Amino acid sequence: MTNKDLANTIFPDITKTLEDYEKEYPERNLKEGAKVVRFAPSPTGFMHIGNMMSAVINYVLAKKSGGVFFVRNEDTDSARTVEGAVDFIHETLKHYGIYPDEYEYKGETVGNYGPYIQSERKEIYQAFVKHLIEIGRAYPCFMSKEEVDEIRENQAAMKKRIGIYGRYARYRNLSVEEAIERVKRGDEYVIRFKSEGDFDKKFVFEELNKGKMEFPENDLDFPIMKSEDNLPTYHFAHLVDDHLMRTTHVVRGEEWISSVPVHYELFKTFGFKMPKYIHNTLILKKDGDTIRKISKRKDPEALMFFYVEKGYPALAVIDAVLTIANSNYEEWRTAHPETPFYEFEFNPKKMSASGALFDLDKLDNISKNIISKMKAKDLYEELLAWARKYDADFAALLEKNGDYVTSILNVEREQKKPRKDFAHYSEIKDKIWYMFDELWNTSEKGYVFQTISDENEVRSIGEKYLNDYYNESDDKDTWFAKIKDLAENFGYAREVKEFKEDPSKFKGHVGDVSTALRILFTKESMTPDLYEIMKLLGKDRLTKRLEEL
Ligand code: GLU
């Protein structure tokens, strides 16, 4: 009996060969230098910022090189699959304008290199496993989980290297006859790779971010096919999929770097060209005085829900991610403020090898800048879309007052140095609440007069202003000249300078008067341009608010 008999016993129904698959998935016909990349998340959790970084880098690499970006659903761990995770991946990519060239979702497949869902590729993996068994480079291992755990515990206790290698690989040399008999008998087994590596030998590997790295050869007989569902392990699926899908560059999490020796031996065994690898930088966070890895459990900003719920513009998040992913992105973005992010030439050498600090203040700054440059109309639309999902009452207000809200959002906007006051849509309501009677009337907020604390004085100033000075058609200069007249009328200096020269002559200065008016009409001490705000509020509202004081 031969290995071929063993292979046929295990996979009697697998008839396709590696050659068949080579023909089915030929080399891609792309121009020189075009990169074929993939985003390959496992639906075992919701998309997080590390996934996002992989997705964005992949997309940029594909776009800029005229290549292909595909999404592969790595769903081989059915026990840990989280409901809704796949939908969230596709929704998130769409939200950020990261459109895959090839994918499979909701029954629709786009691309000729599918299936793009691993659980639908079982037969393909099995053909590759079968081949390995035939050539004597894989075998069924009948050790129970308990036996494996015991070996690992003993190794740990004796400070030995952990894993199934050398003499720990108990079924490595089982005779074909015996193996066939046990398989036929229905004994449980996993298929393990039969390594020929030597842990004491080193090989050099060029990782695109970290450069030349030295690794010990793999000597582990690691599992390639699981017993419970006959699906492959990550290592084996990576080999088969990235070979047949003709991936040129693998961008993946830092945690996979230690698996390079395993992948190296697998590709070598099949004689396949290895893709190039970029291992993502770790995403770090400042936590008090320490810096630590960002955590899905502890940090809400680790999951991609956070950014949509808060209402950050998509581009702000992408820019923030690329800013920490590549050290020259920020400079490029400053020089090319209007260019789509995927025109950026991503350089893996300019990734931090040790970790990148992701900081929400930085994101806020990026975002404030982006929001400040939006047209009022566009911001209105974005805000409304956000509010429809997260604040229905506010959405109703926005809808009812479209032109009015657009004018509010237009204050100090669409000009050379626009006001940068909104970092995300969810903070806009709290910053413009006083412009809406509905919010004004239900607010618990009180008046906190600062510059002029005597409410009667404020009331008199307000009355005088509305009766004698207010004119809706005044331009800003006229308006301001009138505020100065008003100030003078009440014994305040027309100019701050004048006041500073001799404070004893005045009750205060024009700034105190305008601040008092601001608080009187908005209950806020800081607002955008008061002239614009008062004009938008209009005389009726101003009068009503004065009466309420
Ligand atoms: N499914 C793996 C993960 O989510 C993919 C790693 C890779 O991109 O190869 O970590």
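Counting convention: from 1, in listed order, for ligands and their atoms alike. Everything numeric in this text was worked out from a predicted model, so none of it was measured.
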**Q** Between Phe222 and His263, is the ring centroid distance below 6.0 Å?
**A**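 No, they do not, as the ring centres are separated by 6.0 Å or more.
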**Q** Between Phe199 and Arg161, is there a cation-pi geometry (under 6.0 Å to ring centre, at most 45° from the normal)?
**A**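 Judged by the rule, Arg161 and Phe199 form a cation-pi pair.
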**Q** Whether Glu338 and Arg333 form a salt bridge (side-chain N of Lys/Arg under 4.0 Å from carboxylate O of Asp/Glu) is what I want to check.
**A**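 The answer is no: the pair does not qualify as a salt bridge.
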**Q** Considering only protein heavy atoms, which is closest to atom 5 (C) of ligand 1, and at what distance to one decimal place?
**A**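 It is Ala40 O, 3.0 Å.
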**Q** Between Tyr165 and Tyr168, is the ring centre distance below 6.0 Å?
**A**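 Under 6.0 Å, so yes.
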**Q** Enumerate the atoms of ligand 1 whose separation from the nearest heavy atom of Arg252 is less than 4.0 angstrom.
**A**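 Answer, ordered by atom number: 7 (C), 8 (O), 9 (O).
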**Q** Heavy-atom contacts with Arg38 under 4.0 Å: which atoms of ligand 1 show up? List them by number with element.
**A**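 Ligand 1 atoms under the 4.0 Å threshold to Arg38: 7 (C), 8 (O), 9 (O).
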**Q** With atoms numbered from 1 as shown, which atoms in ligand 1 lie under 4.0 angstrom from a non-hydrogen atom of Glu74?
**A**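 Ligand 1 atoms under the 4.0 Å threshold to Glu74: 1 (N), 2 (C), 5 (C).
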**Q** Short N/O distance, under 3.5 Å, between Asn51 and ligand 1?
**A**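 No; every N/O pair is 3.5 Å or more apart.
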**Q** Regarding Arg28 and the six-membered ring of Tyr113, is the cationic atom NZ or CZ under 6.0 Å from the ring centre and inside 45° of its axis?
**A**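 Arg28 over Tyr113 ring: yes.
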**Q** Using a strict cut-off of less than 4.0 Å between a Lys/Arg side-chain nitrogen and an Asp/Glu carboxylate oxygen, indicate whether Arg182 and Asp187 qualify as a salt bridge.
**A**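 Salt bridge present between Arg182 and Asp187.
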**Q** Can you pull out the closest protein heavy atom to atom 10 (O) of ligand 1? Residue, atom name and distance to 0.1 Å, please.
**A**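 Here the nearest protein heavy atom works out to Trp256 NE1, 3.1 Å.
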**Q** Does Tyr234 come within less than 4.0 Å of ligand 1, judged by its heavy atoms?
**A**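 Yes, Tyr234 has heavy atoms under 4.0 Å from ligand 1.
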**Q** Heavy atoms only, cut-off 4.0 Å: how does His238 contact ligand 1, side chain, backbone, both, or neither?
**A**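 His238 to ligand 1: no contact under 4.0 Å from either part.
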